[in-house]
Amino acid sequence: MNKAMILLYTALMMGVPCSRVCGEGEGNDELLNRFRSESPRKWEEYRTTRASIQGQVITKNSVLLEGKIVSDEKVTMDVKQNSACAFFIIDQLTEERKKFPIRIVGSNRKYSFVLKKKNAQSDWLLHRVVMDPAAQITDNRNTVRAEIYYQISPQFTFFLNESTTLDEAINEKKLLSLKSAKKVVRSDHEYVEVAYDLYTTIETADGPHSGVLLLDPARYWCIIEDTIEIKPSEPKMRIIVKNTLRGGPLPIIERSERTIVAVDAQKKIIGEKKTMIEYDVNDVPNISDKLFTLSAFGLPEPKGVVWQTPTAWYLWIALAALAAFGTAYVIRAWRRRTFAPFST
């Protein structure tokens with residue numbers, strides 16, 4: 001593999017990192033202003049009210065160079081969470097069929113932790129524990145909750161790294177410069193198409209990269225499609241993201257197709273990375289905190305950690321019955337003493 005192909009392979013595997021700070025574009029377009037004002041609020045609402053979405057996410061990555069598969073990988077992620085606790089299980093298989101250790105990364109009300117085991121038949125071993133529920137303990141230096149949100153939220157797209165939401169990229173890190181917006185109707189449903197410039201670490205004299213987002217304003221401004229033209233233009237590279245959402249008011253993502261294509265001057269495809277992500281997730285409320293502790297996986301709790309055991313329901317019934325019996329006995333005794341002189 002020559003040097004150019006090695007560089008292309010590296011680009012396909014790594015994606016496009018975003019880091020440079022830039023200013024936001026000018027414009028008084030009413031639809032663009034609506035996007036700026038509405039989307040952050042709706043994204044935050046989605047983040048805070050959909051903390052009970054859980055299930056399984058299967059990601060399949062294939063890298064092709066000149067039509068030949070040079071890399072093939074499958075990653076399975078099982079997600080469980082409630083309003084205060086979360087964990088995910090990662091099971092990864094590489095193109096050499098090499099099996100990575102199965103990992104659990106989790107957090108509860110008192111600590112964060114990482115567990116590992118060699119295979120499904122092995123016991124869990126404690127790899128790391130941090131006495132902070134909000135510790136940035138994942139491989140991407142996220143909190144457990146932020147990592148899960150990135151993985152199953154329809155408000156992220158390909159070019160952003162694992163710790164950046166679209167809201168942050170626009171309003172905080174200034175990675176995107178919004179240019180224009182227009183309405184687009186597909187199958188009698190109205191979407192908003194937003195054009196932008198993207199600033200990254202590989203910017204050249206050709207200027208910033210350019211892209212177009214297709215968003216659904218009726219469903220939390222979720223991303224339906226994203227297309228990015230990467231510069232420099234040799235080889236010409238394009239990133240395409242297509243998300244499929246489940247029908248109904250709750251925008252739960254079902255499928256995401258993400259493709260990086262590299263073409264030469266003759267428009268021949270010389271490199272391609274395809275990522276297919278299938279989501280089997282649902283909104284499941286009222287998951288017990290007990291499932292997110294080390295003891296749930298057969299391990300001792302960290303030193304000094306004691307979980308309060310809730311009183312069983314039958315004991316509450318017994319206490320209520322005893323209290324009722326005692327009250328009745330006291331009232332009966334009082335009546336006997338009070339009315340006894342009048343009964344003789």
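Model, not experiment: these values are computed from the prediction. Values below: every heavy atom of this structure, side chains too, minus hydrogens, waters and symmetry copies.
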Looking only at atom types and distance, does a side-chain atom of [X] sit under 3.5 Å from a main-chain N or O of [Y], one as donor and one as acceptor?
X	Y	answer
Q54	V284	yes
K290	S295	no
S153	Y150	no
E301	L294	yes
T138	N142	yes
Y46	P251	yes
Q81	I53	yes

For the atom pair [atom1] ([X]) and [atom2] ([Y]), what is the distance rounded to the nearest 0.5 Å?
X	Y	atom1	atom2	value
R255	K242	CZ	NZ	12.0 Å
K274	N61	NZ	CG	12.5 Å
K183	L31	NZ	CG	6.5 Å
N108	L291	CG	CG	11.5 Å
Y191	I223	OH	CD1	14.0 Å
N243	E225	CG	CD	9.0 Å

Query raised in the report: Between D197 and K179, is a side chain to side chain contact (heavy atoms under 4.5 Å, CB included) present by the stated rule, with each step listed?
Result: CA-CA 7 Å; D197 285 334; K179 296 166 60 179; 3.4 Å; yes
Side-chain touch [X]/[Y], heavy atoms, less than 4.5 angstrom:
X	Y	answer
V105	I137	yes
I102	I90	no
E73	V75	yes
I239	T259	no
E147	Q151	yes
I104	K116	no
V194	L215	yes
S256	M276	no

Query raised in the report: Between A86 and R145, which heavy-atom pair has the shortest distance, and what is it?
Result: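 A86 and R145 have their closest heavy atoms at CB-NH1, 4.1 Å.
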Query - Over 12 foreign heavy atoms within 6.0 Å of CZ, R238 - result: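 Result for CZ/R238: open.
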Query raised in the report: Got more than 12 heavy atoms from elsewhere within 6.0 Å of NZ, K60?
Result: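 Check fails, neighbour count at 12 or below.
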Query - Name of the residue among R41, K42, R47 meeting side chain to side chain donor-acceptor pair (under 3.5 Å) with E45 - result: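 Testing E45 for a side chain to side chain donor-acceptor pair (under 3.5 Å) against R41, K42, R47 leaves exactly one candidate, K42.
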For the hydrophobic clusters of this structure (ILVMFWY residues joined by side-chain heavy atoms under 4.5 Å, transitively), does one cluster hold both [X] and [Y]?
X	Y	result
F113	W307	yes
L198	V212	no
L245	V184	yes
I253	I58	no

Query raised in the report: Which is it for L213 and E193 under the side chain to side chain contact (heavy atoms under 4.5 Å, CB included) test, yes or no, and what are the steps along the way?
Result: CA-CA 6 Å; L213 285 163; E193 191 176 85; over 6 Å; no
Query raised in the report: Can you pull the ring pair (Phe, Tyr, Trp, His ring centres under 6.0 Å) pairs that have at least one residue in residues 277-296, sequence neighbours excluded?
Result: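 Listed by first then second residue: F87-F292.
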Report task. Apply side chain to side chain contact (heavy atoms under 4.5 Å, CB included) to the pair F88 and D78, showing each step before the final yes or no. Result -> CA-CA 5 Å; F88 59 86; D78 289 283; over 6 Å; no
List, one per line, each side-chain donor-acceptor pair under 3.5 Å for residues 122-135, sequence neighbours excluded.
unit_1	atom_1	unit_2	atom_2	d
S122	OG	N119	OD1	2.9
D132	OD1	A134	N	2.9

Report task. Give the intermediate values and the outcome of ring pair (Phe, Tyr, Trp, His ring centres under 6.0 Å) for residues W43 and Y220. Result -> CA-CA 6 Å; W43 291 335; Y220 293 86; over 10 Å; no
Query raised in the report: Going by atom types alone, do D289 and N82 pair a side-chain donor with an acceptor below 3.5 Å?
Result: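 Yes, N82 and D289 have a side-chain donor paired with an acceptor closer than 3.5 Å.
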Query raised in the report: Can T143 and Q136 be counted as having a side-chain donor-acceptor contact under 3.5 angstrom?
Result: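 Looking only at side-chain atoms, Q136 and T143 do not form any donor-acceptor pair under 3.5 Å.
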Report task. Using salt bridge (charged side-chain N to carboxylate O under 4.0 Å, His left out) as the criterion, list what pairs up with K268, not counting sequence neighbours. Result ->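 If we apply the salt bridge (charged side-chain N to carboxylate O under 4.0 Å, His left out) test to K268, skipping adjacent residues, there are no hits.
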Requested in this report: Dump the intermediate steps for side chain to side chain contact (heavy atoms under 4.5 Å, CB included) on E229 and K236, then the final yes or no.
Outcome: CA-CA 8 Å; E229 299 288 343; K236 185 177 179 62; 3.4 Å; yes
